Amino acid sequence: MKFFARSAIVLLLLYGMVFAFADAFLVYAHAPMWIAMAFVFVFVILQFTLSPWIIEWIYSIDWDEQEIPAANREFVENLCRERGLPKLKLGIIHSDTPNAFSFGRFRADARVVITEGLLKILTAEEANAVLAHEIGHVEHYDFAIMTLAAAAPLVLYQMYVWGRNIKNVRTIAWGAYFAYLIGQFLVLTLNRTREYWADHYSATCTHAPGDLASALVKIAYGMVKLDGTQREILQTGSKEQKKDANRQRAFGSAIAMMGISNINSAQSLALGMANPEQAAAVMKWDLVNPWSRVYELSSTHPLTALRVRALNDDAREMHTAVEYPLPEDRRMRWGAFPLEFVLWAAPFIPTAALLFEVVFHRFIRLLGFSVPANYTAWMLIAAGLLWALRIAFRYHGKFESRHIQDLLEDLGVSQMRPRAVELHGEILGNGVPGAFWSPDLVMSDGSGLMFLLYRSSIPLGRLFFAVKDANSFIGETITVRGWYRRGLRPYVEISEIYSNVSEAKINGSGPISIFSRATLDASESAKTTVLYRRSYSRWIQLAVSAAVCVAGIVWILN
């Protein structure tokens, strides 16, 4: 297979370099504004024209349709005929990464590609639902629409580049720059909307929304499981096995934006173990906590829970079975969200104000404004105090013994509003996502699975913990105290963790996946010692905040 490492990044760098250098040439050549605008559209049209050829060049796609099961081929042929679409070209990639994607320019030259990994984990009906989703992108002209949408932020950026040095339009130029930043999020929003529409298209065509819902959860779980297995191979496999694992991981990352799902929106489902009841319990938080919408803003795909909920609605309308029942109460639990958001954002205001004055002090003076006396000092004090308040809020509470299942059903928790917990259970292996040097762990207490995260404010502190200690806990019964938080995945940030560990195991081999286990001979585990580790992250953060405040006070006094 001719997989290129991090293919998506290569494409981004390729187009980015062309645009950046061509744009710089136009600026320094003093080209008029209309040329800059024309350049954007020429660049986008060129990208739109060449991208299918580049995709075929990057991925080793087998266009022999006989490699695809007959039931799936017949489904695609029948659907295209029913919808009045031209016969689509089908391809398969011989990779264990479960995913599928479509590409092309218009309907006439559209292609749909699936992977071997997807066919292995899905039933024929679920695979058909995924194929229908991809055909939905073709029928909805998503290739052309998303290309057109991506051009808008580039136009705004051109306005900023050309206008920032012209005195009478400088304010408009900076407005264009902020609009450009907003435009990036709007493009992502549009992309998520197109994914929802393709999901609905699949549900309508197959008359079985549950098949796609089941496929999405299986794909999400399969991605995370495969990622963990590949990381184990990178640590313990042979040279050839490592080479193949690297190619597989590169491919998985490369199609993350193009595929029907990506690993970033699927992390929490690894705890559901592809079981409908457990997966539904994990997904509840995504449905009702406002922070889930904040985290989703930077994602190309909707959260899997939100897609499953939309498909459940389709299933009820069609009077078909719901594969993953989710809570009927859809009201957002706002609770303390406004306070949490203010505390989260507040420290950035004086920090941003200080940086703005440092970077744009000449521009501020050109506009006729003056900076108050001791401005820098007061901004330092404000930033230090607000960061300290934010840290105190994020690390409060008395540690209480809890069960993982109860934590996963806690709908009020967030990154800002944690639960101080004490858990007892067994470490199954290293967490996902992350590389083999990641200090993240996964534990089980019998009621469920939980990610454990070791955070350190000391440079290389996490790496030191991973290399020296993390693997020693694998397979052991441990006690951990920390703060349970919820982001794109649930996790406990470790305050302290300890266990009776074999002395021989402390110097054992590297990390393994959560889907395999470490073993030791009886003779090696005869002698044990207490392994205790503690994180001082919050105290270091508070010390830095105090130092910033003191610096501001000293500035004023001097």
Side-chain angles (χ1 to χ4, degrees), residues 217 220-221 224 266-295 303-306 308-309 324-337 339-340 393-429 431-432 440-455 473 476-499 514-515 535 538:
V217 174
Y221 174 75
V224 177
Q267 294 168 6
S268 63
L269 287 179
L271 303 183
M273 305 298 285
N275 175 282
E277 291 185 2
Q278 292 179 349
V282 173
M283 287 190 286
K284 286 180 183 178
W285 184 91
D286 293 334
L287 301 174
V288 300
N289 194 294
W291 280 106
S292 66
R293 305 306 192 272
V294 175
Y295 303 141
L303 294 173
T304 302
L306 301 182
V308 170
R309 185 173 69 179
Y324 290 87
L326 296 172
E328 294 295 330
D329 186 358
R330 303 186 177 189
R331 291 175 299 174
M332 195 65 69
R333 267 62 162 188
W334 291 100
F337 174 76
L339 173 63
E340 294 173 26
F393 187 84
R394 293 187 75 243
Y395 292 92
H396 70 279
K398 181 181 179 181
F399 297 124
E400 297 179 359
S401 182
R402 300 288 297 272
H403 294 290
I404 290 175
Q405 182 178 356
D406 297 334
L407 295 179
L408 294 177
E409 295 175 0
D410 188 337
L411 303 180
V413 72
S414 69
Q415 296 270 22
M416 284 295 296
R417 189 179 186 184
R419 301 287 186 259
V421 300
E422 178 178 298
L423 300 176
H424 306 274
E426 180 185 358
I427 297 295
L428 301 183
V432 288
D440 300 347
L441 299 168
V442 172
M443 72 168 291
S444 170
D445 69 350
S447 69
L449 302 179
M450 179 61 66
F451 293 108
L452 303 182
L453 182 145
Y454 181 85
R455 177 166 287 158
F473 286 107
E476 302 292 342
T477 300
I478 60 98
T479 296
V480 60
R481 296 189 182 97
W483 293 271
Y484 171 61
R485 305 186 192 278
R486 187 70 190 259
L488 286 177
R489 64 172 181 170
Y491 68 94
V492 170
E493 180 181 337
I494 298 172
S495 172
E496 53 186 334
I497 180 172
Y498 57 90
S499 175
I514 73 171
F515 301 95
S535 171
R538 58 171 169 162

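Note that this is a predicted model, so its numbers are computed, not measured.
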Can you check whether [Y]'s main-chain N or O pairs, donor with acceptor, with [X]'s side chain at less than 3.5 Å?
X: R455; Y: L453; result: no
X: D286; Y: S292; result: no
X: S535; Y: Y454; result: no
X: N289; Y: S414; result: no

Looking at residues at least two apart in the chain, or sitting in another chain, which of them share a side-chain hydrogen bond (donor to acceptor under 3.5 Å, both in side chains) with [X]?
X: R481; value: E422, E496
X: Q415; value: Y491
X: T477; value: none

Hey, are the side chains of [X] and [Y] touching, using non-hydrogen atoms and a 4.5 Å cut-off?
X: W334; Y: P290; value: yes
X: T479; Y: I497; value: no
X: V480; Y: L441; value: no
X: L287; Y: L306; value: yes

*Before giving the answer on side-chain contact (heavy atoms from CB on, under 4.5 Å), spell out for M416 and W291 the whole-Å C-alpha distance, their side-chain angles and the decisive distance to 0.1 Å.*
CA-CA 9 Å; M416 284 295 296; W291 280 106; 4.0 Å; yes
For [X], which residues count as a ring pair (Phe, Tyr, Trp, His ring centres under 6.0 Å) partner, sequence neighbours excluded?
X: Y484; result: none
X: H396; result: F393
X: W285; result: none

When rounded to the nearest 0.5 angstrom, what distance separates [atom1] in [X] from [atom2] in [Y]?
X: L407; Y: R402; atom1: CG; atom2: CZ; value: 5.0 Å
X: S499; Y: E426; atom1: OG; atom2: CD; value: 10.0 Å
X: K284; Y: L411; atom1: NZ; atom2: CG; value: 7.5 Å
X: R394; Y: E340; atom1: CZ; atom2: CD; value: 11.0 Å
X: L423; Y: M443; atom1: CG; atom2: CE; value: 5.0 Å
X: Y498; Y: I478; atom1: OH; atom2: CD1; value: 9.5 Å

Looking only at non-hydrogen atoms, find the nearest pair between [X] and [Y] and report the distance.
X: P490; Y: F451; answer: O-CD1, 3.2 Å
X: W483; Y: S495; answer: CZ3-CB, 3.4 Å
X: F399; Y: G482; answer: CE2-O, 3.4 Å

*asked:* Under the rule for salt bridge (charged side-chain N to carboxylate O under 4.0 Å, His left out), what residues qualify as partners of R293, not counting sequence neighbours?
replied: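 Applying salt bridge (charged side-chain N to carboxylate O under 4.0 Å, His left out) to R293 gives none.
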_By salt bridge (charged side-chain N to carboxylate O under 4.0 Å, His left out) - contacts of R485 (at least two apart)_ =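 Listed in chain order: E493.
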*Would you say the side-chain atoms of H403 and S447 include a donor-acceptor pair closer than 3.5 Å?*
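No donor-acceptor contact under 3.5 Å links the two side chains.
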*Any salt bridge (Lys or Arg N to Asp or Glu O under 4.0 Å) pairs touching residues 404-416, not counting sequence neighbours?*
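Residue pairs passing salt bridge (Lys or Arg N to Asp or Glu O under 4.0 Å), neighbours aside: D410-R419.
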*Would L452 and V442 satisfy side-chain contact (heavy atoms from CB on, under 4.5 Å), going step by step from the backbone distance to the final call?*
CA-CA 6 Å; L452 303 182; V442 172; over 6 Å; no
